[in-house]
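Beneath this line is the structure, given in structure tokens, with notes to follow.
Atoms within each ligand, like the ligands themselves, are counted from 1 in listed order.
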Amino acid sequence: MWTFLLPFAIAAASPVVVQQSPQQEVLGELEINGSSASKLHGRFLHITDIHLDPFYEPGTSPRKSCHRGKGAAGLLGAPGEGCDSPETLLNQTFDWIERNLRDEIDFIVWTGDSPRHDNDERHPRTEKQIEELNQAVVDKFLEVFGKKKDGGQYKPAIPIVPNIGNNDVMPHNIFEKGPNKWTRKLGKIWRPFIPEEQRHTFLQWGWFCTEVIPRKLAVVSLNTMYFYDSNAAVDGCASPSEPGYHHFEWLRVQLQLMRERGMKAILIGHVPPARSGKRRNWDESCWQKYTLWLHQYRDVVVGSMYGHMNLDHFIIQDSREVTIGEVPEEMPISRLDDDLNQTITVQSKFSYLSNLRKEWARLPSPPPGLKFGSNSEDLEGEKKKKKKKKKKKKNKKKQFLKKIGGPFAERYSVSLVSPSVLPRYYPTLRVFEYNITGLEHAVTWADSGPHVSMDSAWIQREADLSKKKPSGIPSPPSKSAPPGPAYSNQPLTLLNYVQYYANLTQIETGANQNDKPSAFEYDVEYHTHQDGIYHMRDLTMPSFFDLATRIAGNNPEVTYEHADVKKGKKKKKKKKKGSKDNKVWRAFLERAFVGFLNDDNLDGVE
Ligand SMILES: *[C@@H]1O[C@H](CO)[C@@H](O)[C@H](O)[C@H]1NC(C)=O
Ligand SMILES: *[C@@H]1O[C@H](CO)[C@@H](O)[C@H](O)[C@H]1NC(C)=O
Ligand SMILES: *[C@@H]1O[C@H](CO)[C@@H](O)[C@H](O)[C@H]1NC(C)=O
Ligand SMILES: *[C@@H]1O[C@H](CO)[C@@H](O)[C@H](O)[C@H]1NC(C)=O
């Protein structure tokens, strides 16, 4: 099983020789003893933005935060309104997870914001309440995924990786350099989920990492509060006096160590690195480092996942926009926050999405006929074609590939944003599938015992790396290293995700008609691979590049081939770009709002 890891290890820039490390022996031993071991399922859950509200009352007015008055607040929430989530929705969601996912997933990434918003003057948030609401969600996780330890305490049966959201602290958005009150409070509440050897780091800074598949895959929980433009207590990532600066130095050490250990990493955060036109979520200096780090560690990072915006979409970072050393003047900004004013929010979200589309329209266009992403084998050898045509085509192909950073589009990286459990539109959950070829016998987190810690040789290496003076730009993968899992399908590559949603309109109508709630279910909204419109081969960068260009509508041929896969037709008509004409853009737009907005809302959004 080491056969696939060794090329990466040898390729590592560092002099550490993995073959001689004690790691292998320990692993071998674990494997022999682990015959009754649990197996990986190749699936994990992303859950985000629960926003539990103990004051929620069904039948009250959404204009009064669903706390009072008479109105349309439903049993399970008030989709499309500014209310938070009732406990019933939390309970039903975890019941559904227990029935449908509990025994099917390997780990959970949980990207923050479990407590309610500060949306009612009569019930201002308190520190105690924020802690209790976070604890309530921890209790739910342990109820469904907990195993009783000898002492009667619960411990999770699979790794659950929490992350700090801007509403997990008080006042919201404000997070001081640690250690602080909130690293202590959350460190205590999330204790079952933070590995022993990472507790010190969490208390100090509010970030940590967990080896969700020991010695193979880690989830890095970033503290995006240090990057967040709305956090007035910090100032970006450029100055060594800022926690954001230390965050990227720590991340550099972790990713370097993982490269040397032949490991891969998933990055998670609450506030996504949204940046479009003049609008952005993160301080520019943090975005710059993030984009550069993702590029330099493109052999290590499997993917990155965020919440916060309650808007299903993805973000493409272009490494050629990195200007570290020549950071541009502060640009005027308007924030992309999800505030509670729906009138403003929906309009500003339309313009944000339209802007993304405009940017994607400027991505280099593949030459006609080149199937990219959805079928990128074609890139490596189109041998069957006639010779004359071939040469011209080959040149165009070559130019195109040069522009995008080679056949794996390594110039770019992608960040995924999942919508929320909070029914800002409809409540959602996202389940990823990843490639476990060759990991059939991997030791799972559950079987690896109470300590998943590194052996002393690697701990020493980590310490050495941390002591080294930062050289500015992290080292790239070695020239001979194969493309990473975010670029080419291999073990740990994300293959697809299923977006689940609960149609509360339908569920609540059923409840009214029969005078009892119809069974609460999350249904499939779309499946990135099986879906007739997205039809993504996998979740690698080439696949996202392909999807982005189809959304932008600058390659209508490709669009139509994909759009009609389901019907078995292949229309090759060239159509005008436009909201109604481009099915992929329209699907992207509908899905951004979890199918909640109707044609009247969406027509004309271009
Ligand atoms: C939710 O579940 C908990 C037990 O996990 C229970 O104590 C509580 O009453 C339930 N709340 C509602 C509103 O059903
Ligand atoms: C939302 O913003 C609009 C436009 O500024 C304003 O007219 C409206 O009163 C606001 N609504 C609420 C609930 O604050
Ligand atoms: C997983 O990766 C291997 C290459 O290492 C590939 O052969 C296999 O098809 C991939 N599995 C899936 C389900 O895509
Ligand atoms: C939700 O349910 C309502 C009522 O049944 C239906 O009209 C609507 O199309 C559904 N929306 C989605 C996205 O499923």
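With a 4.0 Å cut-off on non-hydrogen atoms, Phe596 does not touch ligand 4 at all.
For atom 9 (O) of ligand 1, the nearest protein heavy atom lies 4.0 Å or farther away.
With hydrogens left out, the protein atom closest to atom 2 (O) of ligand 3 is Asn435 ND2, 2.3 Å, a heavy atom. Counting only heavy atoms of the protein, atom 14 (O) of ligand 4 lies nearest to Tyr501 OH, 2.7 Å. When only non-hydrogen protein atoms are considered, atom 13 (C) of ligand 4 lies nearest to Gly595 O, 3.4 Å.
Listed by number with element, the atoms of ligand 1 under 4.0 Å from a non-hydrogen atom of Glu143 are 5 (O). Residue contact check: Pro491 has heavy atoms under 4.0 Å from atoms 5 (O) of ligand 3. The atoms of ligand 1 that sit less than 4.0 Å from any heavy atom of Thr88 are 13 (C). The distance from ligand 1 to the heavy atoms of Lys140 drops below 4.0 Å at these ligand atoms: 2 (O), 4 (C), 5 (O). Against a heavy-atom cut-off of under 4.0 Å, Asn91 is close to the following atoms of ligand 1: 1 (C), 2 (O), 3 (C), 8 (C), 10 (C), 11 (N), 12 (C), 14 (O). Contact atoms of ligand 3 toward Thr437: 1 (C), 10 (C), 11 (N) (distance under 4.0 Å to a heavy atom of the residue). Close approach of ligand 3 to Leu495 is summarised as follows: ligand atoms under 4.0 Å from at least one heavy atom of the residue are 13 (C), 14 (O).
Figure legend: cation-pi geometry between Arg591 and Tyr526, with NZ or CZ positioned under 6.0 Å from the six-membered ring centre and within 45° of its axis.
The pair Arg68-Asp120 meets the salt-bridge criterion, with a side-chain N (NZ, NE, NH1 or NH2) lying under 4.0 Å from an Asp/Glu carboxylate O. Ion pair Arg550/Asp546 flagged as a salt bridge, since at least one NZ, NE, NH1 or NH2 atom sits closer than 4.0 Å to an Asp/Glu carboxylate oxygen. A salt bridge does not link Arg125 to Asp53: none of the charged side-chain nitrogens sits closer than 4.0 Å to a carboxylate oxygen. Ion pairing between a basic and an acidic side chain is recognised when a charged N comes within 4.0 Å of a carboxylate O; Glu211 and Arg215 show no such pairing. Remark: Glu143 engages Lys140 in a salt bridge, criterion side-chain N to carboxylate O under 4.0 Å.
Formation of a donor-acceptor pair under 3.5 Å by the Thr111 side chain with backbone atoms of Ile268 is not found in this model. Remark: the backbone N or O of Ser65 is not paired with any side-chain donor or acceptor of Asn119 at under 3.5 angstrom.
Considering backbone and side-chain atoms alike, Thr505 places every N or O at 3.5 Å or more from each N or O of ligand 4.
Taking the six-membered ring wherever Trp is involved, the centroid distance between the rings of His313 and Tyr352 falls below 6.0 Å.
Ranked by closest heavy atom to atom 11 (N) of ligand 4, the top entry among Asn503, Leu504, Asp523 is Asn503.
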